[in-house]
Amino acid sequence: MSEIKINLPDGSSMEVPQSFTVADLANKISEGLGRVAVAAKINENIVDLNTILKNDDNVKILTSKDAETLDILRHSTAHVMAQAVQRIYPNAKIAIGPTIENGFYYDFDIPDTSLSVDELSKIEEQMNIIIKENQTFERHEITNVQEKITEFREKGEIYKIELLMEYASQNPTLYLGKNKDGNIVWNDFCRGPHIPNTKFIKAFKLLSVAGAYWRGDEKNKMLQRIYATAFWTKDELNEYLTRIEEAEKRDHRKLGTQLDLFSIREEVGAGLVLWHPNLSVVRQMIEDYWRYEHRKRDYEIVYTPHIAKSQLWDISGHNEHFRENMFYMQVEEQDYVLKPMNCPFHILIYQAKRYSYRSLPLRMAELGTVYRNERSGALHGMTRVKGFTQDDAHIFCTQDQFVDEVNKIIDFIDDTLTMFDMTYEVELSTRPEGFAGTLEIWDKAEAGLKKALEDKKLSYVINEGDGAFYGPKIDFKLKDAIGRTWQGATIQLDFNLPIRFNLKYTEKDGSMQTPVMIHRVIFGTMERFIGILIEHYAGAFPAWLAPQQAVVIPIADRHTEFAQSIYKKLRDADLRVELDDRSESMNYKIREAQNRKIPYMLVIGDKEIEANYVAVRARLKGDIGVKNIDEFINSLKKEIETKGKEIVN
RNA sequence: GCCCAUGUAGCGCAGGGGUAGCGCAUUCCCUUGGUAAGGGAAAGGUCACGAGUUCAAAUCUCGUCAUGGGCUCCA
């Protein structure tokens, strides 16, 4: 019998018989490896253990130690979940069950049944039964597609039919679930690979149920999706679950109530935020910083109205393209619109004067409050709301200037986000179908944006054809505590609005030219940015942003007088400070200040009065000893000025 | 907008066909305490809103609004 040669990762090779499988190879290498082998990488493709080896294959046996196998485990667990669901609901039709970032899901169509969380434990129970059956996963090539389609049709598996028809020409495979006696107990049309046997599934949990449209299209039927996760060990699963719990504690909606930051009331309306005094302080500080940075970078700051006659939005095209998101009102037979964007107003300010190439670029910025009627299910805390304030700016420049301007904006965004220690992902969206402007300017713009990103050494993803019809854009995505990403900063070129409003400037040669317009935001919106900032700092704002920077805590009533003088000194130094002279124990006051995440607590007792000191407790480090009050004020002032972390020590 | 769940005092929660309870917070009294909760008392709710079933609804049913998890959308 002839043998074939297999190359192993360590550079050695091995002679094995023909029709040897990966599993055979693993066993041949060592019995131990055979036991723990999960899958293999053959010539960079990940395959099942029962794949037959070919001559000169480069083979790496994968075990649970290899990162690539976690998805295999999760996807295989999805199969077990689907099987369990079909055992409990025999009329359930299965759709797709891919892995996602931290787990997997499977979509079902279960006629006359709506799953609720209560069902999850039942399904988990059934899954455990299946796992105990030690079912094997066996790959099986579908040679007769038509026959299989007929079979699916008999079972009513309409979603699988649709998928199979699509993949008919791509060597479709079926995975068979076989029990100990070798009988086929379940099967699923699937690309694989899978773990060899259900016994590898040791730690999984079903997390939630949700609706999801078939193929993600809202015109299609809504299916029932179960989200779940799996890990190789119970410890890893538990660690993941605790991490989720910890993340939930940072949720800005939770902290918003706990720290008295904001509220949203039914009487006002969904998606309309009431900023409480505490969060208003944070916003004021950030807005001051924003204004300072804009002046420094030669922006003009403007104010514009919240409403405008409908006519303006005809010119801008919003009435046509954005209608379902706009609030309309009628007063004295005149139609008005609550502004969903600031750009038309900035354009009108541009129009109030004549510009030449000499006075461009013109950079116009506004903290502009806009209102958009979002679909009800889209709202989310402060990160997706109906009324919000954009830190908006529009830059009017010549075609020779916009690349340079984009560079400056990228710097501005990067500087700002770095200052807040925030990480982000960058996406570049390019020319879609039905674009405005010329091919030439699009090419120039896209190349310019790419160059700017590359010069800055920012890694980015390209969303081909995902740009707005009026121009390409760069989006900066921020992550929230639970791992959801939100669009923050964005830079959008616009070749359309300047034409609609017939904007002009005089070129060197005296000709009238149309300027390029750039829309950009740095924070995105104050609501979303500060919402994410709450989670980023877990509510413990650095001193320059903290609603209260220090609290003075007299131990007993006889210390109140001295505490008052300390309090007054801090106030005179323009610090945000409170005096807690309630008749409560010092421990009680410290606990409360700590829970309110106030950066510094100044404890005053007999010793401090005697020595004319304050005892400083930092929210992070605890008691850091006594200090002269002026010394404390100076170092806190410095900390605020440098926007630093806790540096008083 | 769609699917599922939820809505009880300022906050966090329990209860559940016979007109409501706990903890914290609040107010008052006592206590004056050295680095994360001192003790006591009082006050506080038409159980989201509207309709229906019932002798009786906070509890069951339907609708509306809102919130949560997702999907879709996001110029």
Side-chain angles (χ1 to χ4, degrees), chain A residues 100 105 107 109-110 113-120 207-227 248 251 253-254 256-260 263-271 316-318 320-326 340-344 370 372-381 384 429 467-471 473 475 482 484 486-487 490 492 494 496-497 519 553-560 581-596 601-608 615-619 621-626:
Chain A
I100 49 175
Y105 65 80
D107 286 346
D109 179 1
I110 316 176
T113 304
S114 10
L115 293 177
S116 75
V117 243
D118 304 337
E119 268 79 52
L120 294 185
L207 299 170
S208 60
V209 287
Y213 298 107
W214 166 236
R215 314 214 100 179
D217 188 335
E218 66 179 324
K219 289 186 207 79
N220 289 338
K221 183 164 188 184
M222 179 151 282
L223 307 176
Q224 304 189 56
R225 175 174 296 178
I226 302 178
Y227 281 97
E248 278 166 5
D251 192 313
R253 295 164 297 183
K254 206 163 252 179
T257 326
Q258 269 168 26
L259 301 176
D260 192 14
S263 57
I264 296 171
R265 295 281 301 259
E266 264 193 78
E267 301 90 311
V268 181
S316 69
H318 285 89
E320 193 186 338
H321 296 288
F322 206 56
R323 183 161 208 99
E324 68 277 15
N325 285 297
M326 289 155 68
M341 291 187 201
N342 303 299
C343 20
V370 300
R372 298 183 189 171
N373 189 23
E374 301 290 341
R375 295 223 250 169
S376 59
L379 299 175
H380 182 92
R384 187 82 184 263
S429 299
F469 77 91
Y470 52 74
K473 59 174 183 172
D475 292 326
I482 315 170
R484 290 180 279 221
W486 298 92
Q487 181 169 312
T490 177
Q492 307 188 357
D494 191 334
N496 181 248
L497 278 182
H519 308 253
I553 301 177
I555 294 175
D557 285 349
R558 66 177 179 282
H559 309 127
T560 304
D581 57 0
R582 293 175 300 173
S583 171
E584 296 289 353
S585 68
M586 179 201 63
N587 278 334
Y588 182 91
K589 294 177 190 177
I590 286 177
R591 179 181 152 83
E592 190 179 272
Q594 199 74 45
N595 286 337
R596 289 171 64 198
M601 288 149 253
L602 306 177
V603 179
I604 311 284
D606 292 333
K607 285 183 268 175
E608 285 71 26
V616 183
R617 179 188 166 96
R619 93 187 135 185
K621 295 182 191 157
D623 190 351
I624 55 173
V626 293

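Below, chain A is the first sequence line, B the second, and so on; all start at residue 1. We use all heavy atoms of the structure for the numbers below, so side chains are in, but hydrogens, waters and symmetry mates are not.
For the P atoms, the distance linking B:rU19 with B:rU31 amounts to 43 Å, nearest Å. With C1' as the reference atom, B:rC13 and B:rU72 are 34 Å apart, rounded to whole Å. Taking atom P on both nucleotides, B:rG40 is separated from B:rU35 by 23 Å, rounded to a whole Å. Rounded to a whole angstrom, the distance from the P atom of B:rG7 to that of B:rA25 is 26 Å.
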Extract from the structure each pairing of a protein N or O with an N or O of nucleotides 39-45 of chain B at less than 3.5 Å, listing the distance.
none

Between the protein and nucleotides 8-15 of chain B, list the N/O to N/O atom pairs that are separated by less than 3.5 angstrom.
none

Each nucleotide N or O in nucleotides 2-6 of chain B that has a protein N or O under 3.5 Å away: list the pair and distance.
residue: B:rC3; atom: O2; partner: A:Gly211; partner atom: N; Å: 3.2

Any N/O pairs under 3.5 Å between the protein and nucleotides 35-38 of chain B? List them or say none.
residue: B:rU35; atom: O2'; partner: A:Arg617; partner atom: NH1; Å: 2.9
residue: B:rU35; atom: O2; partner: A:Arg617; partner atom: NH1; Å: 3.4
residue: B:rA36; atom: N7; partner: A:Arg617; partner atom: NH2; Å: 3.3
residue: B:rA37; atom: N7; partner: A:Arg591; partner atom: NE; Å: 3.4
residue: B:rA37; atom: N7; partner: A:Arg591; partner atom: NH1; Å: 3.3
residue: B:rA37; atom: N7; partner: A:Arg591; partner atom: NH2; Å: 3.3
residue: B:rA37; atom: N6; partner: A:Arg591; partner atom: NH2; Å: 2.5
residue: B:rA37; atom: N1; partner: A:Arg591; partner atom: NH2; Å: 3.3
residue: B:rG38; atom: OP1; partner: A:Ser585; partner atom: OG; Å: 3.3
residue: B:rG38; atom: OP2; partner: A:Ser585; partner atom: OG; Å: 2.9

Polar-atom pairs under 3.5 Å, protein N or O versus N or O of nucleotides 61-65 of chain B: list them with distances, or write none.
residue: B:rC65; atom: O2'; partner: A:Glu266; partner atom: OE1; Å: 3.0

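With hydrogens and angles ignored, the 3.5 Å screen pairs no side-chain donor or acceptor of A:Arg372 with any backbone N or O of A:Asn325. Checked by atom type and distance alone, the side chain of A:Glu592 never pairs as donor or acceptor with a backbone atom of A:Lys589 at under 3.5 Å.
Between A:His519 and A:Tyr470, the distance from one ring center to the other falls under 6.0 angstrom.
Per the geometry, OH belonging to A:Tyr105 stands 10 Å off C1' belonging to B:rC71, to the nearest Å. Going from atom CG of A:Leu379 over to atom P of B:rG68 covers 8 Å, rounded to whole Å. Separating the CG atom of A:Asp251 from the P atom of B:rG68 is a distance of 9 Å, rounded to the nearest angstrom. When rounded to the nearest whole Å, the span between CD1 of A:Ile226 and C1' of B:rC71 equals 15 Å. The distance between atom CZ of A:Arg253 and atom C1' of B:rA66, rounded to the nearest whole Å, is 14 Å. Computed from coordinates, the A:Leu259 CG to B:rA25 P distance equals 16 Å when rounded to whole Å. The interatomic distance linking A:Ile604 (CD1) with B:rU32 (C1') rounds to 16 Å, in whole Å. The separation between A:Leu120 atom CG and B:rG70 atom P is 14 Å, rounded to whole Å.
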Test A:His559 against A:Glu608 for side chain to side chain contact (heavy atoms under 4.5 Å, CB included), laying out the working first.
CA-CA 9 Å; A:His559 309 127; A:Glu608 285 71 26; over 6 Å; no
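Using a 4.0 Å heavy-atom criterion, one finds that A:Asn325 contacts no nucleic acid atom at all. Residue A:Arg265 is classed as having no contact, given no heavy-atom separation below 4.0 Å to the nucleic acid. The residue A:Arg484 sits close only to the backbone: its heavy atoms come under 4.0 Å of sugar-phosphate atoms, none of a base. Within 4.0 Å of A:Phe469, counting heavy atoms only, lies at least one base atom of the nucleic acid. Within the nucleic acid shown, A:His380 comes within 4.0 Å of sugar-phosphate atoms alone, with no base atom in reach, counting heavy atoms only. Within the 4.0 angstrom heavy-atom criterion, only backbone atoms of the sugar-phosphate kind lie near A:Gly381; the bases stay farther away. Note on A:Lys589: nothing from the nucleic acid sits closer than 4.0 angstrom, heavy atoms only.
Considering only heavy atoms from C-beta on, A:Glu324 stays 4.5 Å or farther from A:Arg375 through its side chain.
Contact annotation: side chain of A:Arg215 to base of B:rC71, donor-acceptor pair absent below 3.5 Å.
Between A:Arg582 and B:rU32 there is no side-chain polar atom (N or O) within less than 4.0 angstrom of OP1 or OP2. Note on A:Arg372: every side-chain N or O is 4.0 Å or more away from OP1 and OP2 of B:rC73. In terms of phosphate contacts, A:Arg375 brings no side-chain nitrogen or oxygen within less than 4.0 Å of OP1 or OP2 of B:rG70.
The neighbour count for A:Arg582 CZ, taken as heavy atoms of other residues, nucleotides or ligands under 6.0 Å away, is above 12.
Using a cutoff of 4.0 Å between basic side-chain nitrogens and carboxylate oxygens, A:Asp217 and A:Arg215 are not scored as salt-bridged.
Sequence order on RNA chain B of the closest nucleotides to A:Gly271 and A:Ser316 puts A:Gly271 first from the 5' end. When the nearest nucleotides of RNA chain B are assigned to A:Lys473 and A:His559 by heavy-atom distance, the more 5′-ward of the two goes with A:His559.
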Encoded 5' to 3' (Watson-Crick or G-U under 3.5 Å; [ ] crossing; | other strand), RNA chain B becomes ((((((((.[[[[.)..(..]]]].(((((.......))))).....[[[[[..)....]]]]])))))))....
